[in-house]
Amino acid sequence: MLERRSSYEDLIDHLVRSTALQRGEAARVVLDVLAYFNETTEAFVRRRHRELQSGGLVNTEIFERIAAELPHRAVAPQELSLRQLRRIVYG
């Protein structure tokens, strides 16, 4: 983790200069953004399924919503059918 942090020192410095963030907060933001962009399609589908399910939605609504969200990800994956989404969650 330290190697990764040191390679983003310029970005952290920029955030500290251009925002009200302290250095530790800026480093945490950078790491959070990197984690977001490193999330695999499968991890995103599982995470969103849990989030939407805990919000009271049923699977029919959940998988349709996830299918609609996927093309808008920063790096959009190939189009997945509702069946493929279910298989990611339930195996």
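Taking the ring centre of F63 as origin, the terminal cationic atom of R83 falls outside the region bounded by 6.0 Å and 45° from the ring axis.
Proximity of L52 to I66: side-chain heavy atoms (C-beta onward) are separated by under 4.5 Å at one or more points. The side-chain heavy atoms of H49 and F44, taken from C-beta on, include no pair separated by under 4.5 Å. At a threshold of 4.5 Å between non-hydrogen side-chain atoms, the residues E61 and R65 do not count as touching. Counting only heavy atoms from C-beta outward, the side chains of L34 and Y8 approach each other to under 4.5 Å. Inter-residue side-chain proximity for T41 and V45 is flagged as met; some heavy-atom pair is nearer than 4.5 Å. In this structure, the side chains of Q84 and I88 stay at 4.5 Å or more apart for every pair of heavy atoms. Residues N59 and Q53 meet the side-chain proximity criterion, which asks for heavy atoms closer than 4.5 Å. Using a 4.5 Å cut-off on side-chain heavy atoms (C-beta onward), T60 and L82 make no contact.
A ring pair (Phe, Tyr, Trp, His ring centres under 6.0 Å) check over residues 10-33, counting only residues at least two apart or in different chains, returns nothing.
A chain of hydrophobic side-chain contacts below 4.5 Å, direct or via other Ile, Leu, Val, Met, Phe, Trp or Tyr residues, connects V33 to L21. A continuous path of hydrophobic side-chain contacts links L80 to Y90 [ILVMFWY only; heavy atoms under 4.5 Å]. Using a 4.5 Å cut-off between side-chain heavy atoms of Ile, Leu, Val, Met, Phe, Trp and Tyr, with links allowed through other members, V29 and F37 fall into the same hydrophobic cluster.
At a threshold of 4.0 Å, the pair R47-E51 counts as salt-bridged, since one of the basic side-chain nitrogens sits closer than that to a carboxylate oxygen. Remark: E9 engages R23 in a salt bridge, criterion side-chain N to carboxylate O under 4.0 Å.
For Q22, the side-chain contact (heavy atoms from CB on, under 4.5 Å) partners at least two apart in sequence or on another chain are E25.
Between I62 and L57, the shortest heavy-atom distance links the atoms CD1-O, 3.5 Å.
One distance of note links CD of E69 with CD of E64; it measures 12.5 Å at 0.5 Å rounding.
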